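One structure below.
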Amino acid sequence: MTAAAGDIEKAAGVLRAGGLVAFPTETVYGLGADASDPAAVSRIYQAKGRPPTHPLIVHLAGAGHLDGWVGKVPGPARLLAERFWPGPLTLVLRRGPRVSSAATGGLETVGVRVPDHPVALALLSAFGGGAAAPSANRFGSVSPTTAEHVRAELGDAVDFVLDGGPCQVGVESTIVDATSDTLSVLRPGGVPREDLEAVLGSSLQVPSVSPIRVPGQHPSHYAPRARVVLVEPGRVVAEARRARDLGHQVGVFLPPSQDVAAPEAHAVVAVPASTAEYARGLYGFLRELDRAGCDLIVASLPEEKGLGLAIANRLRRAAGPRG
Ligand code: TXA
Ligand code: MG
């Protein structure tokens, strides 16, 4: 935790005054505002360039703070909250009266989570309310995993940036629709589906990328400037060479299985063999290849289990049609 106590107080004051605070979480940096204040929440949408129909996640200091933010919490949701909070899990529940409809995009449900980061928890405790916070990036681009990313992308649009160092999980929270007794995963993320299933004792539906079930789940989310092309792991090097011969500035995500010291590319990222490390580094890698001037990134999907499911989801979206 690098933010000083004075910074926490200052940031909580900004939230109380209806301002915007970027803060670290274990997943990615969030762009927070008072979730009960429609004017404050609308500033988030402006700063991000995000359509106002896309619902936000409300961040709370603990499971004991749910009162007023959500309606009835069904048994399975309670079980997951007990086991995984604080942590990278968002539960979609019936909304309570405290949450502004500006934050829910007009839906009768709300996503809530308790982040597992000392700076975030200190901020939320000092503030005392709920902070609506999307990832602190411009709409559709790569989520920030350092305070530097936030400053570079949002600059003056944010009133205060709390620096808590690099995010440890690196991909966003897993979102579970817990409005009924039949739960489903709306977005794979930092809590692996297998861990949720082990606690629930039943299997969970995970939608594929293409159907857009809720606003805010566009296929081209999480995209770097460079176009992303996905191929089989064994085809990455050959595809990179082909694209280079066509005149592209090629960036390569070299899979751990591909033992090639220096494929002929403009820039290379060696994908870590550990999925936890891969998830932690993913958005930084995409930014790095953008910064290196690549216009095309060749990558392959990891095995879709554990954190690999979330990584594959983000890569598929990064490679999705731009709009
Ligand atoms: O890890 C995270 O979840 C990060 C950190 C900052 O907490 N936040 C984040 O927020 O990823 P954002 O706004 O980038 O993504 C929120 C997602 C959107 O895809 C939105 O559609 C979904 O949550 N969402 C929010 N409320 C919802 C609801 N009531 N029903 C269905 N989906 C909802
Ligand atoms: Mg986001």
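Computed from a predicted structure; not experimentally measured. First listed ligand is number 1; within each ligand, the first listed atom is number 1.
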Quiz prompt | Carboxylate-amine/guanidinium proximity below 4.0 Å for E153 and R287 | solution = yes
Practice problem: State plainly whether the residues E26 and R113 are in salt-bridge range, i.e. N to O under 4.0 Å. | Solution: yes
Quiz prompt | R95 near ligand 1 by a heavy-atom separation under 4.0 Å | solution = no
Quiz prompt | Short side-chain to backbone donor-acceptor contact, S125 and A122, under 3.5 Å | solution = no
Quiz item: Would a 4.5 Å heavy-atom cut-off, applied to side chains only, mark S143 and N137 as touching?
Solution: yes
Practice problem: Could you establish whether T104 and ligand 1 come within less than 4.0 Å of each other, counting only heavy atoms on the residue side? | Solution: no
Exercise. Check each heavy atom of R50 against ligand 1 and say whether those closer than 4.0 Å belong to the side chain, the backbone, both or neither.
Key: side chain
Quiz item: Given that the side chain starts at C-beta and the backbone is N, CA, C, O, which of these parts of T109 lies under 4.0 Å from ligand 1, counting heavy atoms, or is it both or neither?
Solution: both
Practice problem: Could you tell me which atoms of ligand 1, counted from 1 in the order shown, lie closer than 4.0 angstrom to a heavy atom of H59? | Solution: 5 (C), 6 (C), 7 (O)
Quiz item: Hey, which atoms in ligand 1 end up nearer than 4.0 Å to a heavy atom of S135?
Solution: 8 (N), 9 (C), 10 (O), 12 (P), 14 (O)
Practice problem: Determine whether the side chain, the backbone, both or neither of D177 has a heavy atom under 4.0 Å from any heavy atom of ligand 1. | Solution: neither
Quiz item: Which atoms of ligand 1 are found less than 4.0 Å from any heavy atom of V110?
Solution: 29 (N)
Self-check item: Element-labelled atoms of ligand 1 that are located less than 4.0 Å from some non-hydrogen atom of T27
Solution: 1 (O), 2 (C), 4 (C), 5 (C)
Quiz item: Can you find a heavy atom in the side chain of I311 that is under 4.5 Å from one in the side chain of L315?
Solution: yes
Quiz prompt | D37 with R16: basic N within carboxylate O range, under 4.0 Å | solution = no
Self-check item: Ring centre gap for Y45 and H54 strictly below 6.0 Å
Solution: no
Exercise. Could you tell me if any non-hydrogen atom of R187 lies under 4.0 Å from any atom of ligand 1?
Key: yes
Exercise. Compute the ring centroids of H59 and F23, then answer whether they are less than 6.0 Å apart.
Key: yes
Quiz item: Just which atoms of ligand 1 are under 4.0 Å from any heavy atom in L107?
Solution: 28 (C), 29 (N), 30 (N)
Exercise. Can you sort out which atoms of ligand 1 are near I175, meaning under 4.0 Å from one of its heavy atoms?
Key: 17 (C), 22 (C), 23 (O)
Quiz prompt | Element-labelled atoms of ligand 1 that are located less than 4.0 Å from some non-hydrogen atom of P55 | solution = 20 (C), 21 (O), 24 (N), 25 (C), 26 (N), 27 (C), 33 (C)
Exercise. Confirm or rule out an N/O/S atom of S135, from backbone or side chain, lying less than 2.8 Å from the Mg ion (ligand 2).
Key: yes
Quiz prompt | Within reach of ligand 1, part of H54 (heavy-atom separation under 4.0 Å) | solution = neither
